[in-house]
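Report on one structure; see the data block that follows.
Proteins get letters first, then strands, A, B, ... in listed order; numbering begins at 1 in each.
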2 protein chains.
Amino acid sequence: MDRELLKGSTPILLLSLLTEGPMYGYQIIETVLERTGGAYTLKEGALYPALHKLEAAEFISSYWQTQANGRDRRYYAILPAGSTFLVAKKKQWSQFVNMVEGFVTPGGSADSKG
Amino acid sequence: MDRELLKGSTPILLLSLLTEGPMYGYQIIETVLERTGGAYTLKEGALYPALHKLEAAEFISSYWQTQANGRDRRYYAILPAGSTFLVAKKKQWSQFVNMVEGFVTPGGSADSKG
DNA sequence: ATTGCTCCCATCGCCTTGCGAGGTAGAATA
DNA sequence: TATTCTACCTCGCAAGGCGATGGGAGCAAT
C-alpha cells in the first residue's frame with residue numbers, strides 16, 4: 001500500500017468506522033487490519049494524531065472507560081458535526097476518485113457519481 | 001479539491017496523460033484544467049518536481065523541441081518502464097479506492113476489482 | 001521477584017508531497 | 001515602453017504517514 005495514497009483519506013476512514021459505533025484506538029487498528037485482510041495496517045503514528053485532530057475539531061469526542069480488569073480504554077465517538085463533515089468528505093472523495101479515473105481511463109466512465 | 005487527497009496520485013495522472021502522447025509542462029496543466037472543468041489546477045510547484053522525479057526514475061524521457069516562433073518547449077514522453085509502472089500503480093490505486101470504499105460503505109461492494 | 005507477553009496509550013523526528021511565491025525569459029499585444 | 005501570455009524552474013513551508021521509541025497495566029510462567 002502506497003503511503004502517499006493514504007494522505008487525506010484517514011479522516012474518512014476513521015469517521016466512517018466511528019459511524020458504526022464508538023471504538024478505541026487499538027480496536028480501530030485491529031479492525032482495519034482484519035477488514036483489509038492484513039493489507040493495510042493503520043499505524044499508531046498516523047492514528048493517534050489523526051484522532052486527536054478530529055477531536056480538536058469537535059468532529060469526535062472521547063471518554064475513558066474502565067473495563068472489568070480495571071484497565072482503561074479511551075473510546076472515540078462521532079459527533080453530529082463529524083457526521084456532517086463525513087458527508088462532505090465523502091462527496092469530495094468520490095469527486096477525487098472520479099477525476100483520477102477520468103485520466104486513467106480516458107475513454108471510460110467519467111461522470112460524477114457524487 | 002483536498003490537496004492531501006492528491007498526494008501520491010500525481011504520478012498516475014501524469015503517466016496516464018503521457019500514455020496518450022508526448023506533452024509539455026504547460027500543456028499538461030492546461031489539459032488537466034480543461035478536463036476537470038477547472039476543478040483541479042495542477043500547480044507548477046507540484047508538476048515540475050514530479051516530472052523530474054519520474055524522469056530520474058526513467059519512467060519518462062524529455063526532449064526540447066523548437067517551435068516555428070523559435071521558442072523551446074520541453075516535451076515529456078512515457079518510456080516502457082513507465083508503462084509497466086503505470087499498470088502496477090493503477091492496480092494499487094484501485095485496491096486503495098476499494099479499501100476506502102469498503103469502510104465508507106460497509107454494506108456495499110468491497111471486492112478487489114484490480 | 002523477574003521476565004516476557006499482550007493490550008493500550010502516546011510522542012518525536014524524518015520523509016515525501018503539494019502549494020504559494022518568486023524568478024527568468026522570449027513573444028505577442030497595446 | 002509596458003503588460004500579458006507562454007513556458008520553464010526552484011525554494012521554503014505545511015501537512016500527513018511512518019518507524020522508532022517509550023510508558024504503563026494486567027497476567028502467566030519461572
Segment of DNA chain C, first to last nucleotide, that comes within the 4.0 Å heavy-atom reach of chain A
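On DNA chain C, the outermost contacted nucleotides are C/dC7 to C/dT17.
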Electrostatic pair B/E20:B/R35 at N-O distance under 4.0 angstrom:
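Looking at B/E20 and B/R35, the cut-off is met.
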Would you classify [X] as touching base, sugar-phosphate or nothing, given that sugar-phosphate means primed atoms plus P, OP1 and OP2, and contacts are heavy atoms under 4.0 Å?
{"X": "B/G45", "answer": "base"}
{"X": "B/Q67", "answer": "sugar-phosphate"}
{"X": "B/Q27", "answer": "nothing"}
{"X": "B/R73", "answer": "sugar-phosphate"}

Distance check needed: [N] [atom2] versus [X] [atom1], whole Å only.
{"X": "B/K43", "N": "D/dA14", "atom1": "NZ", "atom2": "C1'", "result": "15 Å"}
{"X": "B/N69", "N": "D/dC8", "atom1": "CG", "atom2": "P", "result": "13 Å"}
{"X": "A/R71", "N": "D/dC27", "atom1": "CZ", "atom2": "P", "result": "8 Å"}
{"X": "A/K53", "N": "D/dA14", "atom1": "NZ", "atom2": "P", "result": "13 Å"}
{"X": "A/L47", "N": "D/dG19", "atom1": "CG", "atom2": "P", "result": "14 Å"}
{"X": "B/I29", "N": "D/dA7", "atom1": "CD1", "atom2": "P", "result": "11 Å"}
{"X": "B/Y24", "N": "D/dT6", "atom1": "OH", "atom2": "P", "result": "9 Å"}
{"X": "B/D2", "N": "D/dG16", "atom1": "CG", "atom2": "C1'", "result": "11 Å"}

So B/Y75 and B/Y24, would you call those rings parallel, tilted or perpendicular, with 30° and 60° as cut-offs?
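Taking B/Y24 first and then B/Y75, their aromatic rings stand perpendicular (interplane angle over 60°).
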Does any N or O in the side chain of [X] come within less than 3.5 Å of the main-chain N or O of [Y], such that one atom is a donor and the other an acceptor?
{"X": "A/T66", "Y": "A/G70", "answer": "no"}
{"X": "A/T105", "Y": "A/G102", "answer": "no"}
{"X": "A/E101", "Y": "A/N98", "answer": "no"}

Carefully, step by step, assess B/E55 and B/R74 under the rule salt bridge (Lys or Arg N to Asp or Glu O under 4.0 Å).
CA-CA 12 Å; B/E55 189 176 18; B/R74 164 117 82 140; 3.3 Å; yes
Hey, which of these two, A/P11 or A/E44, hits DNA chain D nearer its 5' end, going by closest nucleotide?
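Its nearest nucleotide lies further toward 5', so the answer is A/P11.
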Any donor-acceptor pair, under 3.5 Å, between the side chain of A/K7 and the base of D/dA15, if you only look at N and O atoms?
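A donor-acceptor contact between them is absent.
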Member of B/I78, B/I12, B/I28 meeting the side chain to side chain contact (heavy atoms under 4.5 Å, CB included) criterion with B/L17:
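Only one option passes, and that is B/I28.
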